[in-house]
Amino acid sequence: MFACVDVGYDFMTARAACVTFERWKDACASAEYVFATGDVRPYVSGEFYKRELPCVLAVLERLPTQPDLVVVDGYVWLDDRDRMGLGGHLLESLGETIPVIGVAKTRFATATSAIEVFRGSSRRPLLITAVGIDQDEAADCISRMHGENRIPTLLKRADQLSRQQPDCE
């Protein structure tokens with residue numbers, strides 16, 4: 001089982017969403033999970049992971065079994081593997097046992113090793129970084145995901161779930 005996660009915010013409320021699926025070409029999630037909280041750390045430039053990671057871990061705890069791989073909205077590496085992004089910190093928090101693919105929509109200046117993946121007719125690439133899986137293989141997996149648009153269907157679904165009005169726990 002694979003998992004896509006995303007976190008949305010409304011002032012100081014966060015809503016983490018996770019969709020699980022079995023094959024990269026799946027158009028529909030096998031399950032959807034949401035965790036909402038009002039206990040959100042403030043945004044600090046350069047330390048984005050400190051805000052998102054607790055939310056991502058909380059939604060992953062709702063899964064009945066650990067996923068074989070997690071796809072995050074963001075970077076695994078913020079440079080050439082010396083500075084971890086959200087995905088690198090997630091791998092560390094999961095005991096370095098579950099591979100993580102980062103799918104970023106905007107370029108981070110020092111993340112020069114990210115692989116560009118163009119999907120659909122978009123001229124803007126997705127920027128892929130990975131740990132625990134070969135980065136070229138990770139880029140291939142994301143390029144094969146279902147959907148005709150730049151953002152794969154299930155990544156978009158996680159984003160949509162994370163943006164719904166939260167009920168705080």
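Residues: numbered from 1 along the sequence shown.
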Side chains of L63 and P67 in contact at under 4.5 Å (non-hydrogen atoms): yes
Beyond-backbone contact of L126 with P152, side-chain heavy atoms, under 4.5 angstrom: yes
Backbone N/O of T20 and side chain of S30: donor-acceptor pair under 3.5 Å: yes
Co-membership, hydrophobic cluster, residues L154 and W24, 4.5 Å side-chain: yes
Residues in salt bridge (charged side-chain N to carboxylate O under 4.0 Å, His left out) contact with K105, at least two apart in sequence or another chain: D73
Stepwise side chain to side chain contact (heavy atoms under 4.5 Å, CB included) check, V71 with V5: CA-CA 6 Å; V71 179; V5 295; over 6 Å; no
Lys/Arg cation over aromatic Y9: R51, 6.0 Å, 45° cone: yes
Counterpart residues, ring-ring contact (aromatic ring centres under 6.0 Å, His included), relative to F108 (two or more places apart): none
Sequence neighbours excluded, every pair satisfying side chain to side chain donor-acceptor pair (under 3.5 Å) that has a member inside residues 120-131: none
Close side-chain approach of L86 to Y75, heavy-atom, < 4.5 Å: no
Pairs flagged by salt bridge (Lys or Arg N to Asp or Glu O under 4.0 Å) wherever residues 16-36 is involved - sequence neighbours left out: R23-D26, E32-R157
Linked, directly or transitively: L78 and V70 (ILVMFWY side chains, under 4.5 Å): no
Same cluster (ILVMFWY, side-chain, under 4.5 Å), Y49 and F35: yes
Nearest atoms (heavy-atom pairs only) where P64 meets Y33: CD-OH, 3.1 Å
Plane angle bin for F21 and F2 - parallel if under 30°, tilted between 30 and 60°, otherwise perpendicular: tilted
Donor-acceptor pairs are to be reported for all side-chain atoms of residues 87-102 against protein atoms at under 3.5 Å, with residues two or more places apart or in another chain.
from: S93; atom 1: OG; to: H89; atom 2: O; distance (Å): 3.0
from: T97; atom 1: OG1; to: L94; atom 2: O; distance (Å): 2.9

Set of side chain to side chain donor-acceptor pair (under 3.5 Å) partners for T112, sequence neighbours left out: D80
V19/C4 under side chain to side chain contact (heavy atoms under 4.5 Å, CB included): CA gap, chis, key distance, verdict: CA-CA 5 Å; V19 297; C4 291; 3.7 Å; yes
Listed partners of D6 passing side chain to side chain donor-acceptor pair (under 3.5 Å), at least two apart: none
Pairs where residues 130-144 contributes a residue and the test side chain to side chain donor-acceptor pair (under 3.5 Å) is met, not counting sequence neighbours: D140-R144
Cluster overlap I133 with V103, hydrophobic side-chain contacts below 4.5 Å: yes
Contacts of D79 that satisfy side chain to side chain donor-acceptor pair (under 3.5 Å) - sequence neighbours left out: none
Sub-4.5 Å side-chain heavy-atom contact between N149 and R119: no
R15 side chain to L161 backbone, donor-acceptor under 3.5 Å: yes
Pairing residues for T153 by the side chain to side chain contact (heavy atoms under 4.5 Å, CB included) criterion, not counting sequence neighbours: H146
hydrophobic_cluster_shared for L127 and I151, side chain cutoff 4.5 Å: no
Salt bridge (charged side-chain N to carboxylate O under 4.0 Å, His left out) involving K50 - partner list, sequence neighbours excluded: E47
Smallest separation among heavy atoms of S162 and A17, with atom names: N-CB, 3.6 Å
Min side-chain heavy-atom separation M84-V76 under 4.5 Å: no
Counterpart residues, salt bridge (charged side-chain N to carboxylate O under 4.0 Å, His left out), relative to R107 (two or more places apart): E116
